[in-house]
Amino acid sequence: MKTILLNEWRIVSRNRWFLFLGISLASMLALSSYLGIQETKSLSNLEREASAHIREQWDNQGAANPHGAAHYGTYLFKPTSSLTGFDEGVNGVVGKTIYLEGHSQNDAQYSEASQSVMATRFGKLRPSLILQLIVPLFLIFMVFSTVRQERESDRIRLLIIQGGDYQGIISGKIIFYWLAGTVFLGISLLVQVLMDTTPLDSGTFLRMLMLFVGYSAFYYIICSLTAFFGANLRKTGTALSIMMAVWIIWGVFLPRITGNLAEQFYELPTRSEFSAQMKEDRSAGVDGHNAEDDKIEAIKDSVLRQYQVASVEELPINFDGILMQTDEEFGNKVWDKHFGNLYQVMDRQKTFVQASSIPNPLQSLQSLSMGLSGTDQKSHTDFMLKVEDYRRQFIKSLNDKHAFGGSKTGDWEWEADQEFFRSMQDFSYQNRSMDELIGATWPDVAILLGWVVGCFFLIKSIRFQL
Amino acid sequence: MSFIQTLKWEWIQFRRTPFQYLAVLLFVLAAVYSISNGISLREKQLETLAKVESDYLAERSVYEKILESGGTKVESRPWVDLSNPFYGMWNSIVYKLKTPSPMMSLAIGQAEQYGFYKRLTFYTSGYDSDLSAEISNPERIAFGALDLTFCVIFLLPLLLIVLCYPIGGYEEDVKMAPLVQIQGDNYHAWIWKRTSAIGLGASMIVILLIAVPSIFSGAFTRVPYQLFTYYSIVIMVYLWFWIGVISAIISLRLGQTSQTMGLVLVWVVFGMVIPGAVQQGASLKFPNSMLVDYLDAKRIDQGEIYEADFEAVWDSLRVKLPEIEQTKLATQPDSAKIEAAKGSVYRAEVAFHMKEVSENIEAGFQQRNDFIESSYWYNPLMGIQNYLYSLADTDFYAYQEYRVAIQDASLELSKKGCVEEWNDEKVDVNRFRSYFNLVSEK
């Protein structure tokens, strides 16, 4: 094996064309990793500045009515995960700005993609793009070229006569180019570790390790398949055509088709339908702003009984605050139902895409890569759910202050002091835990491993035909 | 060998090569699927618009009937007085819709990233949350829409590569290239004839792919024929440009493997690497602003305007809206009525300010666009693609125009409302109806 590896190295190092391509790829990877990190840093700074700016507005709003402050609301900016520089995933197309206010759960707005004309159809020049599409193409040509050369020059017969093992030779070549692929991968991850100023925590390290394993598995698949077709098919053109077709179908064709099919099989509502359904369900609940609402009576009776008074005016608290929170809690159930359905449909779409990746391990790799980088749809949903949890706490604090802060029912002029607003906690987002991540990405891992095992046996089945 | 003979031989070669056959089939399937995608997206948008329109027309008719019967009060909202221009305009429920072009079936472009219907009020802006894009799976959006334009710009060159790569390369591998020359043909002309034969076949496929669905979906009759002509011409020029590039690479006589590698490399560089690098550069130079300026304008600037002295706001507004000085209340002051109409002055001032802010935001976007557009000479695939999207009204500029129109319409409403309030106008059913046409809805 060592001899085969050394021999391959000699062949590659003597071929200026391959060397040029290899060095170009390595440089491109290093540069794209560096630029990805720079962009992540710059975005993180902008997010921090924007968050501080908005927080300052909140802190300096002065004394205000808590419910007025709930309408004034605040904004959150989606943080950029440290591995966004590696794989941007959905981050370029989802919004970054979320308005938090009373009575409403809002979506993220102002995506980067909506702020300019289109500049690319395959994403930014991030390491993920190079490692998923360009490095495999390079490996296809390299493996194909070396296997065909052995066949067409008839050197393979000589090697077999001299006691060489055909499978061993092919496996050696596969391992050499697989190692070359992992070197490219290593360069990218190394730049990521060296250039990223945020300390490498165990979670990120584990994610990077899993990325390494996932990409390595894919490179083994691509090298093995190329070697198999290169070694088994009589015509060079046919063998090359198959691998080119595989690359095009896997990388360009299927990801778009399956995504579209998923949306056709599991249809999402239109925004107007979605809003109309929520509005309808919402109208069945308490309207906190409408004192004439019949549904208020039951709540009023229960509060009056609790405080043993005859009218809301006699209450030692502000009944309006309680009403607002009741309104909010009913709204939360409505949002849970509708946004829950929405996320469920998206999850089904994701499962469909993952299942349809069985014939396309590249799609599994793409899904795994986005998941581990914290930039897939599930990470975005997780972020949105945590933002919504925060919004509910945030609004509840304001409503509680309105109810129990010292004002009386009907006193809309009452104001909480600035200190109260300043004391409200900021939102901080923690990425999904490793357990959650494994739960979401295991189908991708299983498909990749299945392919690795399949390819291993495929190579085992190679027989030299004289 | 004549060109007709070359055509015949290429056809025979094609029929005997299952992988080429399969490649064409896949391309056609992808194209047909992408066209059906475009058609269904357009139909879905039209259905949504029809629903939105019927809903708002129904809502509007409720208020129209109140005014027709001589009433001005709305039972469910006792504070509403429809005879007041503010409430009259508010309840005239005016929308601005962006009807999709029939060419969307060929070019979805950026259509899925933007909203296409918006209710107009005095407070409307082109960046409101209800103008968000339709709900869709972000992973699918990140992979990009599959439309005919994508198939033509990215898949067609790959198809041409698959069809052309054996040309010359095979002859080089089996050392038959000198035989071609001995037989009297100029080698380069022989290559050009063979690639042209394939180009001709591909052109026919593409023309059919554009024409057939356009005829059946009725798009031909609904959009000016020039658009289809431009679309088709650009695609044909693009196709033959690739035939030229492929012929040039084949002429280098590299052998089958290196030739294929070279062809695919050119595609990778122009289809992935350069566009990806340009996008990366644009993001670094002009990162997502998260529209903090707009948020500030909505919260801080508006607050400041509403808190400002009326005199100062009046002075500022009369420069921008001189007709306000000729209004009834301005010329014959009535303190009670002026007090009630002051709100409209603040609203109009805010609308002018928001217009200014939106212009600044769009200017910021334009800087990013300029950066991307200046790359078209070395990033031609995206330049051509964006041109095709502009023909279909599905590019960034089509939606920018829509946003600007929304902002202008909001300003128009505020100006009109302000002048009417200051003229102490009362809204009757005819005036109410006139609000429907105040801004063009489509």
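The chains referred to below are lettered A, B, ... by the order of the sequence lines, with proteins before strands, and numbering in each begins at 1.
Considering OG of A:S369 and CD of A:Q366, their distance stands at 8.0 Å, rounded to 0.5 Å. Here CD of B:Q279 is found 10.5 Å from CG of B:L284. Values are rounded to the nearest 0.5 Å. Here the CZ-CE distance, from B:F154 to B:M272, works out to 9.0 Å after rounding to the nearest 0.5 Å.
For a residue to count as touching a neighbouring chain, one of its non-hydrogen atoms must lie under 4.5 Å from one of that chain's; by this rule A:T97 touches chain B with the side chain only. Contact of A:L129 with chain B is made through the side chain alone, with heavy-atom distances under 4.5 Å. If you measure heavy-atom distances from A:I98 to chain B, you find no contacts under 4.5 Å at all. In this structure, the portion of B:E373 lying under 4.5 Å from any heavy atom of chain A is its side chain and not its backbone. Contacts of B:F365 with chain A are made by both backbone and side-chain atoms, with heavy-atom separations under 4.5 Å. Residue contact with chain B, scored on non-hydrogen atoms closer than 4.5 Å, is absent for A:A245. Contacts between A:I257 and chain B at a heavy-atom distance below 4.5 Å involve backbone atoms as well as side-chain atoms. Both the backbone and the side chain of B:S289 have a heavy atom closer than 4.5 Å to some heavy atom of chain A. With a threshold of 4.5 angstrom between heavy atoms, A:F122 approaches chain B through side-chain atoms but not through N, CA, C or O. Looking at B:L381, there are no atoms closer than 4.5 Å to chain A (heavy atoms on both sides), in backbone or side chain. Looking at A:F144, the atoms closer than 4.5 Å to chain B (heavy atoms on both sides) all sit in the side chain, from C-beta outward. For A:Q264, the part lying near chain B is the side chain, with the backbone staying farther off; criterion is any non-hydrogen pair under 4.5 Å. If you measure heavy-atom distances from A:F18 to chain B, the contacts under 4.5 Å come from the side chain alone. There is no contact between A:I130 and chain B, counting heavy-atom distances below 4.5 Å. Only the backbone of A:S111 has a heavy atom closer than 4.5 Å to any heavy atom of chain B. Residue contact with chain A, scored on non-hydrogen atoms closer than 4.5 Å, is absent for B:Q20. Neither the backbone nor the side chain of A:L31 comes within contact range of chain B; no heavy atom of the residue lies under 4.5 Å from a heavy atom of that chain. With a threshold of 4.5 angstrom between heavy atoms, A:V94 approaches chain B through side-chain atoms but not through N, CA, C or O. The part of B:I372 that comes within reach of chain A is its side chain, from C-beta onward, which places non-hydrogen atoms under 4.5 angstrom from that chain. Contact of B:Y165 with chain A is made through the side chain alone, with heavy-atom distances under 4.5 Å. In this structure, the portions of B:A30 lying under 4.5 Å from any heavy atom of chain A include both its backbone and its side chain. For B:L265, the part lying near chain A is the side chain, with the backbone staying farther off; criterion is any non-hydrogen pair under 4.5 Å. For a residue to count as touching a neighbouring chain, one of its non-hydrogen atoms must lie under 4.5 Å from one of that chain's; by this rule A:M244 touches chain B with the side chain only. Residue contact with chain A, scored on non-hydrogen atoms closer than 4.5 Å, involves the side chain of B:V292 exclusively.
With 3.5 Å as the limit, one finds no donor-acceptor pair spanning the side chains of B:Y387 and B:D395. For B:Q280 and A:S32, the side-chain atoms include no donor-acceptor pair closer than 3.5 Å. Between the side chains of B:S129 and A:N106, no donor-acceptor pair of N or O atoms lies under 3.5 Å. Defined by atom type and a distance below 3.5 Å, a donor-acceptor pair is missing between the side-chain atoms of A:N45 and A:E49.
Residues A:R271 and A:D107 are paired through a salt bridge, judged by an N-O separation under 4.0 Å between the basic side chain and the carboxylate. Checked for salt-bridge contact, B:D128 and B:K118 meet the test: a charged N lies under 4.0 Å from a carboxylate O. Ion pair A:R348/A:E267 not flagged as a salt bridge, since none of the NZ, NE, NH1 or NH2 atoms sits closer than 4.0 Å to an Asp/Glu carboxylate oxygen.
For the set B:A282, B:S136, B:G271, the count of heavy-atom pairs under 4.5 angstrom toward chain A peaks at B:S136. Contact count against chain A (heavy-atom pairs under 4.5 Å) is highest for B:V264 among B:V278, B:V264, B:V268, B:D130. Interface summary for chain A: among B:S390, B:S34, B:A277, B:S375, the most heavy-atom pairs under 4.5 angstrom belong to B:A277. Per-residue counts of heavy-atom pairs under 4.5 Å with chain B were compared for A:R121, A:R256, A:Q377; the largest is that of A:R121. Interface check for chain B: of the options A:G36, A:P269, A:G259, the most heavy-atom pairs under 4.5 Å are formed by A:G259. Listed options A:L342, A:L21, A:L35 were ranked by heavy-atom pairs under 4.5 angstrom with chain B; first place goes to A:L35. The most heavy-atom pairs under 4.5 Å with chain B, out of A:L268, A:T270, A:N260, A:V90, come from A:N260. Contacts with chain B were tallied for A:H53, A:E263, A:M28; A:E263 has the most, counting heavy-atom pairs under 4.5 Å. Counting heavy-atom pairs closer than 4.5 Å to chain A, the top residue among B:I141, B:L291, B:V52 is B:L291. Top candidate by heavy-atom pairs under 4.5 Å with chain B, chosen from A:E39, A:Q38, A:Q115, is A:Q115. With respect to chain A, the highest number of heavy-atom pairs below 4.5 Å among B:M382, B:Q113, B:Q400 belongs to B:M382.
Other residues, nucleotides and ligands contribute only 12 or fewer heavy atoms inside 6.0 Å of the NZ atom of B:K285. Residue-environment remark: OH (B:Y21) stays at or below the threshold of 12 foreign heavy atoms within 6.0 Å. No more than 12 heavy atoms of other residues, nucleotides or ligands sit less than 6.0 Å from atom OH of A:Y34.
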A:E88/B:S283 under side-chain contact (heavy atoms from CB on, under 4.5 Å): CA gap, chis, key distance, verdict = CA-CA 12 Å; A:E88 191 180 38; B:S283 299; 5.7 Å; no

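Just one residue in the list A:K124, A:K96, A:K78 forms a salt bridge (charged side-chain N to carboxylate O under 4.0 Å, His left out) with A:E112, and that residue is A:K124.
Seen from the ring of B:Y117, B:K51 does not count as a face-on cation partner, given the 6.0 Å and 45° thresholds.
In plain terms, the two heavy atoms of A:G85 and A:T40 that are nearest each other are N-OG1, 3.2 Å.
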